[in-house]
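All of these numbers come straight from a predicted model, not from anything done at the bench.
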Amino acid sequence: MKDRSVLIMTFTRSKSIFLTLMLSSAMTAVAQTVPQDQQQIAQNTAAATTAKRTTSTPPPATNPFLTSMSRIGVQTSQPLTLSLDEAIKRALESNNDIEVSRTTVRIQETGIRAQLGIYDPVFTVNPNYSRNSTTGSAATNDFRVNANMNKFIRPGGGSYQVFFNNQRTENAFAQAQVSSGSVSGSSSSAIYSSNLGMTYTQPLLRNFNIDSKRQQIKIAKKRLEQNDSDFRLQAIRTISSVQQTYWDLVFALRNQQNVVANLNLAKENLRQIEAKIDAGAAAPLEKASVETELANREGDLLSATQQVSVAENALKQLMLRDTTAPEWSQTIVPTDKPVFSVDPANLDAAMKDAMENRFELKRLKLQNEINEVDIKYFRNQTRPQVDLNTTFSLDGLARGANNAASSTNLYTSFGDLRLFNAINQIRGLPLVNLPLILNDTIAIPASPSYLFGGFNRSLSNIFRTDAPNFSVGVTISFPFRNRTAKANLEGAKIEGEQIAAQTRAQEQAVIVEVRNAVQAVETARQRVLTARRARESAETLLDGERKLYDAGRSTTFLLFQRENSLANARNAEIRSETDYNKALSDLQRVTATSFRANNITLTSPVEIK
């Protein structure tokens, strides 16, 4: 019995020495595979790329513990190295959400130019020919060419029209109209008239300071500023999303490396156990324990690889414009590592930046200015309409007949001549014996030469001193009660109260977001310090567990637990560092300082006047 005990102690000591040697070689392999926390992300991800290349070949069917890290649709032969600044620059240039906001600003600017077009002069010309005839009379031919130019005047809300009208008419009625009844027309003589002048209308009360055209233009300009604020807000949100996704990818890659290191350690343990079993120094049952842990770690590697794909695709979606971009098939290798500062965030400075820079507050401020424009317009509409109307014209007139002296008798009509002859017959009777009445000849001198000559003469006559004509008048209009304008004014005032309430609510929301963001930065900062202490403690515990295992006072199960605890602690440290950088990014977003913090100058799509 004593010999048996000695034999068992000797076997146990030999087993401990053998396990110590095997574990020491395994720890050496682990030390070579686990990356140091202070190495750059590019070195870690380069190792990941190498690991992907080596495992991209389908594993032999005889060994189930060869997990592939390859990803569908992604090639590792040409990785895309990318810094955070480069990612932000690519997103600002190619992100489709930013492009939508940019085009919205451009569309609004075209709307302003379209509304300003109402002040463009409008030229109109109207040539017209007409032929009129009635039963029993000769046909008359009239020809008119009327031209005018209309324009609204922005200051004061007035409008004017410059006109130039020319007419040739043979119609007697039209001739009487043109000449104001001073000329009786005939079918054989045409009248030519020319008119050059201007009409001007000026509102004196309603529509003087502001009218619907100027109201819409002012509102459109405010809308343009709002759209520009929305464009910048979308750019800030995109920058924040790029930063968040970038650090998610950094964490996913570093987490993948830790999982790979743990997997390699489990594979080395399996190799050692198999060697011991072949040497008869270990029971086959111990292999099952190591294989179980190996399978679990392979599952962790698959999950970590999936996490890398999700983070990488999210970053590509933010950076790439088209679905056919070649970068979709490239693997991204981040080159920036998380930054950390022991200094806490300044709440007062963050509050000040947010209240001055937040584009949501600027948008509400512009909305309030739009409401003030509406109030000014609707208040103006409650006034009576008093418009000054003026017209000034130069009128020229000429005839187309020959200008020659003529003669005629005193009595020329058929009735006059019949009566005239009857009277003379009676006067010539013997009983009456009176002298006959004579039908005297009347000489008609030639008309002034300036009244004849066609269009040339009528055009020259508009510059005569007797050509100017003008009129001045006032149009007064006002609705009784004017309920429409008063209701619109009251509605605009109520809308102003609503905007004020929305502004207060938005300011409260901004304050809450800033306070939460500052607290998140402080919490993340403390988490980094805590995670570092936890990782150091886990390393100490693992080192102690190894010594116990070397001394034969621990088991493989406990050693695996310490290894997993250290891996979790390292992951927690990586997560806390990336969360700290994500918290800084969110703080930049809620204070609208992303442009300043990242040295970005964002140019507006259009010039804001």
Side-chain angles (χ1 to χ4, degrees), residues 114-154 157-203 211-213 387-404 446-475 477:
Q115 291 186 350
L116 288 173
I118 198 170
Y119 291 105
D120 293 340
V122 179
F123 177 76
T124 305
V125 60
N126 181 25
N128 176 266
Y129 169 78
S130 62
R131 183 178 185 275
N132 301 293
S133 64
T134 57
T135 303
S137 62
T140 60
N141 299 280
D142 297 343
F143 179 71
R144 299 175 180 85
V145 179
N146 298 332
N148 62 74
M149 185 183 71
N150 299 278
K151 188 180 187 308
F152 290 103
I153 301 175
R154 193 170 178 181
S159 63
Y160 68 85
Q161 180 188 70
V162 177
F163 57 86
F164 182 45
N165 301 329
N166 295 276
Q167 176 178 341
R168 179 192 181 279
T169 178
E170 297 176 354
N171 184 275
F173 179 74
Q175 289 180 352
Q177 285 184 317
V178 170
S179 63
S180 300
S182 62
V183 177
S184 60
S186 66
S187 59
S188 61
S189 178
I191 287 184
Y192 300 84
S193 65
S194 299
N195 306 94
L196 175 63
M198 182 182 74
T199 63
Y200 180 75
T201 301
Q202 174 60 56
D211 55 14
S212 60
K213 297 182 287 295
D387 295 345
L388 175 66
N389 305 308
T390 61
T391 301
F392 177 81
S393 65
L394 300 173
D395 301 338
L397 184 68
R399 300 192 59 144
N402 293 327
N403 184 20
S447 299
S449 59
Y450 60 82
L451 291 178
F452 294 86
F455 274 126
N456 292 335
R457 177 58 63 181
S458 67
L459 288 174
S460 62
N461 285 343
I462 66 176
F463 299 104
R464 288 174 53 86
T465 57
D466 56 355
N469 298 278
F470 65 90
S471 65
V472 178
V474 176
T475 300
S477 173

Go through it in stages, so that I can follow the logic: the residues are Thr199 and Thr201, the test is side-chain contact (heavy atoms from CB on, under 4.5 Å), and I'd like the CA-CA distance, side-chain angles, deciding distance and then a yes or no. CA-CA 7 Å; Thr199 63; Thr201 301; 5.8 Å; no
Applied to residues 127-139, the salt bridge (Lys or Arg N to Asp or Glu O under 4.0 Å) test, sequence neighbours excluded, yields none
Output for pair (Asn132 CG, Thr140 OG1), nearest 0.5 Å, gives 4.5 Å
In terms of heavy-atom contacts, Arg144 and Ser130 come closest through NH1-OG, 3.8 Å
Distance col, row Asn461:CG vs Asp466:CG, nearest 0.5 angstrom, shows 8.0 Å
Sorted by chain and residue number, the side-chain contact (heavy atoms from CB on, under 4.5 Å) partners of Val145 (sequence neighbours excluded) come out as Val125, Pro127, Phe143
- Message: Just so I know, are the side chains of Leu397 and Ile191 near enough to count as touching, which here means a heavy-atom distance under 4.5 Å?
- Response: yes
Below 4.5 Å, heavy atoms only, C-beta onward: do Gln202 and Thr390 meet side chain to side chain? no
Main-chain N/O of Val122 paired to Lys151 side chain as donor or acceptor, under 3.5 Å
no
Which pairs would a plain distance check flag for residues 159-166, meaning a side-chain donor or acceptor within less than 3.5 Å of a matching protein atom at least two apart in sequence or in another chain?
{"unit_1": "Gln161", "atom_1": "NE2", "unit_2": "Asn150", "atom_2": "OD1", "d": "2.8"}
{"unit_1": "Asn166", "atom_1": "OD1", "unit_2": "Ser194", "atom_2": "OG", "d": "2.7"}

side-chain contact (heavy atoms from CB on, under 4.5 Å) for Arg168 and Tyr192? Distances and angles first, verdict last.
CA-CA 5 Å; Arg168 179 192 181 279; Tyr192 300 84; 3.1 Å; yes
CD (Gln167) and CG (Asn128) are apart, to the nearest 0.5 Å, by 9.5 Å
Quiz item: Going through the checks in order, is the side-chain contact (heavy atoms from CB on, under 4.5 Å) test met by Leu196 and Leu459?
Solution: CA-CA 9 Å; Leu196 175 63; Leu459 288 174; over 6 Å; no
- Can you find a side-chain donor-acceptor pair between Thr475 and Asn389 that sits under 3.5 Å? yes
Only residue of Leu394, Asn195, Asp395 satisfying side-chain contact (heavy atoms from CB on, under 4.5 Å) with Ile462 is Leu394
Between Ile118 and Lys213 the two heavy atoms that sit nearest each other are CD1-CD, 3.1 Å
* Asked: In terms of heavy-atom contacts, does CZ of Phe470 have more than 12 from other residues, nucleotides or ligands at under 6.0 Å?
  -> no
